[in-house]
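Below: the structure, in structure tokens.
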Protein chains: 2
Amino acid sequence: MCVLALLARQDGYAYDIASRLAEAIGMGEGTIYPLMRRMQGDGLVTTYLEESSSGPPRKYYQLTKAGRAALIAQKADWTDFTASVARILTDAKPARIVGGVT
Amino acid sequence: MCVLALLARQDGYAYDIASRLAEAIGMGEGTIYPLMRRMQGDGLVTTYLEESSSGPPRKYYQLTKAGRAALIAQKADWTDFTASVARILTDAKPARIVGGVT
DNA sequence: CATGGTACCTTGTTAAACAAGGTAGTGGCC
DNA sequence: GGCCACTACCTTGTTTAACAAGGTACCATG
């Protein structure tokens with residue numbers, strides 16, 4: 001979801017995304033590449049190559065329509081999920097079922 | 001963390017905790033029992049048996065001091081983590097490193 | 001021409017959730 | 001008395017995905 005969110009802003013390449021997410025939530029490089037591959041397999045992103053002056057060519061990822069839809073759905077799930085958890089943490093009185101996070 | 005939070009309110013037994021968390025966040029029974037075992041191994045909970053009129057005896061779990069400390073730490077981590085994710089979702093400009101969720 | 005940064009990728013290990021199934025106690029129903 | 005349903009415990013096998021570690025290659029600088 002975070003990757004989708006970053007790509008929703010603008011196209012990006014794995015190394016950069018990995019660096020940002022490493023800093024933000026401690027995600028490692030070894031996680032991002034298989035993930036991008038999965039997302040591409042799921043039709044959430046497409047790729048194109050672009051030369052870089054500072055190293056090898058970058059593989060940019062771009063959200064597809066399905067990717068944007070997935071982001072919206074995942075955000076909704078995430079919101080529900082965190083709300084449920086918050087309810088447990090404060091109330092300890094859980095409520096309704098969370099949809100897709102299951 | 002959710003289990004610890006529930007137990008912080010009052011002692012509970014796995015079957016009941018599982019039911020609550022199944023309803024709230026879709027957690028299955030097959031998840032809770034190994035989890036309780038792990039937590040006991042980590043010294044976060046202790047157990048005692050209590051007869052029940054509606055079936056076999058219940059194994060109640062009680063938070064230890066370490067368990068209460070773990071809950072506090074995990075809550076802090078969770079708060080930081082969700083804040084970071086929220087920042088990514090809105091800004092797409094991640095910030096500081098999250099501690100223990102790594 | 002070696003080092004360090006950029007950027008790609010794979011492989012093996014491990015953690016943990018999940019589905020499914022198995023055991024056993026209690027009570028109610030026919 | 002036999003059977004079913006509910007409670008409550010637990011285990012086992014499968015799958016998923018993160019992670020650590022390592023490998024390749026490009027480019028610039030000293």
Side-chain angles (χ1 to χ4, degrees), chain A residues 1-4 6-7 11-42 44-62 70 74 77-78 81 84-85 97-102, chain B residues 1-4 6-7 11-42 44-62 70 74 77-78 81 84-85 97-102:
Chain A
M1 178 181 65
C2 289
V3 171
L4 292 176
L6 291 178
L7 292 180
D11 299 359
Y13 54 102
Y15 185 79
D16 181 56
I17 294 172
S19 306
R20 289 135 144 302
L21 292 186
E23 217 209 319
I25 56 174
M27 169 179 266
E29 232 190 297
T31 302
I32 197 76
Y33 287 101
L35 174 58
M36 299 315 286
R37 196 166 288 278
R38 253 179 282 152
M39 298 205 309
Q40 193 175 3
D42 292 346
L44 306 184
V45 296
T46 54
T47 66
Y48 57 95
L49 283 180
E50 201 150 290
E51 293 301 321
S52 159
S53 59
S54 64
R58 297 169 177 166
K59 189 191 271 181
Y60 277 85
Y61 291 87
Q62 182 174 31
Q74 287 181 23
D77 283 350
W78 176 249
F81 177 70
S84 291
V85 171
I97 297 175
V98 167
V101 175
T102 313
Chain B
M1 177 183 64
C2 289
V3 171
L4 291 176
L6 290 178
L7 292 180
D11 298 359
Y13 53 103
Y15 184 80
D16 181 56
I17 293 172
S19 307
R20 289 135 145 300
L21 292 186
E23 217 208 319
I25 56 173
M27 169 181 264
E29 232 189 297
T31 302
I32 196 77
Y33 287 102
L35 174 58
M36 299 314 288
R37 197 167 286 280
R38 252 178 284 151
M39 296 206 310
Q40 193 174 4
D42 292 345
L44 306 183
V45 296
T46 53
T47 68
Y48 56 95
L49 283 179
E50 200 149 291
E51 292 301 320
S52 157
S53 59
S54 64
R58 298 168 176 166
K59 188 193 270 182
Y60 277 86
Y61 292 86
Q62 182 175 30
Q74 288 181 22
D77 283 350
W78 176 247
F81 177 71
S84 292
V85 171
I97 298 175
V98 167
V101 174
T102 311

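Residue numbers begin at 1 in each chain, while the letters A, B, ... track the order of the sequences.
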**Message:** Heavy atoms only, 4.0 Å cut-off, all strands: where does A:G30 land among base, sugar-phosphate and nothing?
**Reply:** base

**Item:** Nearest listed nucleotide, side chain of A:R37, among C:dC9, C:dA7, C:dA24
**Value:** C:dC9

**Request:** Take the protein atom CG of A:L35 and the nucleotide atom C1' of C:dC8, then report the distance between them rounded to whole Å.
**Result:** 16 Å

**Message:** Given C:dT6, D:dA18, D:dC10, identify the nucleotide with an atom nearest to the side chain of A:T31.
**Reply:** D:dA18

**Message:** Looking at every non-hydrogen atom in both residues, tell me the closest pair between A:Y13 and A:Y61 and how far apart they are.
**Reply:** CA-CD1, 4.4 Å

**Request:** Could you grab the distance from atom CD1 of B:I17 to atom CE of B:M27, nearest 0.5 Å is fine?
**Result:** 10.0 Å

**Asked** Which nucleotide sits closest to the side chain of A:R38: D:dC10, D:dA18, C:dC8?
**Response** D:dA18

**Request:** Establish, with yes or no, whether the OP1 or OP2 oxygen of C:dC8 is under 4.0 angstrom from a side-chain nitrogen or oxygen of A:Y33.
**Result:** yes

**Prompt:** Taking for each residue the nucleotide of DNA chain C with the nearest heavy atom, is it A:G55 or A:P34 whose nucleotide lies nearer the 5' end?
**Reply:** A:G55

**Message:** Output the rounded distance in Å from CE (B:M39) to P (C:dA17).
**Reply:** 11 Å

**Asked** Quick one: which of C:dT6, C:dT10, D:dC10 gets closest to the side chain of A:R58?
**Response** C:dT6

**Request:** Please say which of B:V45, B:I32, B:L44 ends up in a side-chain contact (heavy atoms from CB on, under 4.5 Å) with B:V3.
**Result:** B:I32

**Any N/O donor-acceptor pair, B:E29 side-chain to C:dC18 base, under 3.5 Å** = no

**Fill in**
Against the side chain of A:Y15, the closest entry in D:dA8, C:dT6, C:dT10 is C:dT6

